Amino acid sequence: MSTSQKDKVVIFDTTLRDGEQSPGATMSHSEKLEIAGLLDDMGVDIIEAGFPIASEGDFRAVSEIAKNARNSVICGLARANFGDIDRCWEAVKHAKQPRIHTFIGTSPLHRAIPNLTMDEMAERIHDTVSHARNLCDNVQWSPMDATRTEEDYLCRTVEIAIKAGATTINIPDTVGYTAPVESAELIRMLINKVPGADEIVFATHCHNDLGMATANSLAAVEGGARQIECTINGLGERAGNTALEEVVMALKVRGDIMPFSTGIDTTKLMNISRRVAAVSGFAVQYNKAIVGKNAFAHESGIHQDGMLKNAETFEIMRPEDVGLTETNIVMGKHSGRAALRSKLENLGFELGDNQLKDVFVRFKELADRKKEVFDDDLVALMRTTSDPESDRLSVKSLRVVCGTDGPQEAALTLSVDGEDRSTTATGDGPVDATFNAVKELFEHDARLQLYQVHAVTEGTDAQATVSVRLEEDGKIVTGQSADTDTVVASAKAYVSALNRLLVRREQTEVGYDIKGVGYKDVS
């Protein structure tokens, strides 16, 4: 193996074969072609496009992917029999760079399935690998369940496969059984013991049953493997496989201790991750490394403050490196003043220290009721900002009774010029009952012109923005409030409109024109 080969880790993606085997993850023909194109464009070295003998549809997909591939080696999977291998070759032979991947289970558990002795299996390995090599000069062989195969027998079968013409030997941890130290030592042992091992490439294929697939794959590289088999988003049987994005970014970020390179364009990782999630139906978990929704998101006030000062304090890679535009400062109950100020400035709101103090209190009240406060929530919060000292009316408490058995009822306590007043009123629905209660506590002749509710964010905990328009003697005012409780938002919006109406009354009395936008000369 040349020096350049020793420094490079070949990426073998099996999303379209092992990944698609996940129950429920079957992709259509056009979706497989689309994903293959994205993998090819991203710089994946080898694409395992499918299992051609499995179905006519799989054969057609592998064949068409082989014809369309521009850069990647296109590989098909075959069991250890001539029929599978011939069918695989028929599918991949159209590729510029075809590969046949044939396998057989070598552990005691797997040898028992075809009821083969060690010698009989050794002979089959020789015959089938030789047959594949006669068809294609790029042959990969895998001893399935290698990590539970006796060491001496594993060495024997690997040697047979190399002598029969295999150019890549893949060592699968088929059931995710091994640990990193064992993974490295296994590859190291094979390289040291098996004749001809220095002339071929060793690969590793790790499943994630114990959550160690990525660690095991990287350990295997440390032990001498130079091909990692993986899938986008770690898709695969049971708990999945080594995730392509994890190993690629680990090699990139930790080049100090793992001085190996890949040809992957990491800026395309996020795009293909989301596309695979969409076509497979397997959503990416929020805290998934690299590509999860929360991978570059920060809610803690301490983290947010650090990020605002220096992103490297809490991020070991840039979001741009994986195809994102920026870090996400998530506003929630753990967020601090610095993050709120920064977020509001980004939204176009410049606040003084006293204003920020007031808004921060109401932001915390909102955050305690919502899992996440979105940008639209903050805009709605700022639109309803007022000077509480100038408000003659304010909602102190509200409790409503609603349901199929009417009439609906609202118990309201309202502060009027500093005096708390309480009443209980009924109405046609909880909002009507609430408005009737306001009228009882503060009599007025204003007429409701508009009542409008808009959910500014998604989800059952969405914040509702309520707009109320009142008219009195030609004076029109609008009040707006936002709350996760629609009825509370309605009460506050109604009271906000009344406060503005009172201001308009005072302005008219001292000479302001009826629109409240300038002084009217009454001399």
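Everything numeric in this text was worked out from a predicted model, so none of it was measured.
Put simply, the side chain of C155 reaches to within 4.5 Å of the side chain of M189, judged on heavy atoms. Looking at heavy atoms from C-beta onward, I162 lies in side-chain contact with I169 at the 4.5 angstrom threshold. Side-chain contact between N233 and F282 is absent, with no heavy-atom pair separated by less than 4.5 Å. No side-chain heavy atom of F349 sits under 4.5 Å from any side-chain heavy atom of V359. The side-chain heavy atoms of F202 and T168, taken from C-beta on, include no pair separated by under 4.5 Å. In this structure the side chain of I104 never reaches within 4.5 angstrom of the side chain of P143, judged on heavy atoms. Considering only heavy atoms from C-beta on, S300 stays 4.5 Å or farther from F314 through its side chain. Annotation: side chain of T204 is not in contact with side chain of L186 (no heavy-atom distance under 4.5 Å).
Using a distance-only test at 3.5 Å, with no hydrogens or angles considered, a donor-acceptor pair links the side chain of D485 to the main chain of V488. No donor-acceptor pair closer than 3.5 Å links the side chain of N216 to the backbone N or O of C206. At distances below 3.5 Å, not a single donor-acceptor pair connects side-chain atoms of Q227 with backbone N or O atoms of I11. The backbone N or O of I232 sits less than 3.5 Å from a side-chain atom of T15, completing a donor-acceptor pair. The backbone N or O of S335 sits less than 3.5 Å from a side-chain atom of K364, completing a donor-acceptor pair. With hydrogens and angles disregarded, no donor-acceptor distance shorter than 3.5 Å links the side chain of S273 to the backbone of L269. Of the possible polar contacts, none joining the D305 side chain to the K309 backbone as a donor-acceptor pair under 3.5 Å is found. Under a 3.5 Å cut-off, the side chain of S22 and the backbone N or O of L235 do not form any donor-acceptor pair. A donor-acceptor distance shorter than 3.5 angstrom exists from the side chain of S217 to the backbone of A213, with no hydrogens or angles considered. Under the 3.5 Å distance criterion, the side-chain polar atoms of N134 are matched with a main-chain donor or acceptor of S130.
Looking at D173 and R148, no side-chain N of the basic residue comes within less than 4.0 Å of a carboxylate O on the acidic one, giving no salt bridge. Ionic pairing of K333 and D368 is not present here: no N-O contact between side-chain nitrogen and carboxylate oxygen is shorter than 4.0 angstrom. By the 4.0 Å N-to-carboxylate-O rule, E222 lies too far from R188 to be salt-bridged with it. Under 4.0 Å is where a charged nitrogen must lie from a carboxylate oxygen, and between K93 and E90 at least one such pair does. Salt bridge present: D45 and K8 bring a charged side-chain N and a carboxylate O closer than 4.0 Å. Electrostatic pairing of E151 and R156 does not count as a salt bridge here, judged by no charged N lying under 4.0 Å from a carboxylate O.
By the neighbour-count criterion of 12 heavy atoms within 6.0 Å, atom CD of E123 is sparsely surrounded, having that number or fewer from other residues, nucleotides or ligands. In this structure, R341 places its CZ atom where more than 12 heavy-atom neighbours from other residues, nucleotides or ligands lie under 6.0 Å away.
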Apply side-chain hydrogen bond (donor to acceptor under 3.5 Å, both in side chains) to the pair E48 and H101, showing each step before the final yes or no. CA-CA 9 Å; E48 189 166 53; H101 177 195; 2.8 Å; yes
Run the numbers on K32 and E20 for salt bridge (charged side-chain N to carboxylate O under 4.0 Å, His left out), then give the verdict. CA-CA 9 Å; K32 293 185 83 170; E20 204 209 12; 3.3 Å; yes
Would K288 and E246 count as a salt bridge (charged side-chain N to carboxylate O under 4.0 Å, His left out) here? Give the steps. CA-CA 9 Å; K288 178 73 173 173; E246 292 176 6; 3.2 Å; yes
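Within the structure, side-chain hydrogen bond (donor to acceptor under 3.5 Å, both in side chains) contacts touching residues 256-266 (residues at least two apart or in different chains) are K252-T266, R254-D256, D265-T267.
Using the six-membered ring where Trp is involved, F82 and H131 have ring planes that are parallel, under 30° apart on the 30 and 60° scheme.
Stacking of R87 on the aromatic ring of F59 is recorded, both the 6.0 Å distance cut-off and the 45° axial limit being met.
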Which atom pairs, one a donor and one an acceptor, fall under 3.5 Å between side chains of residues 66-78 and the rest of the protein, sequence neighbours left out?
{"unit_1": "N68", "atom_1": "ND2", "unit_2": "E64", "atom_2": "O", "d": "3.3"}
{"unit_1": "S72", "atom_1": "OG", "unit_2": "D40", "atom_2": "OD1", "d": "3.0"}
{"unit_1": "S72", "atom_1": "OG", "unit_2": "V44", "atom_2": "O", "d": "2.6"}

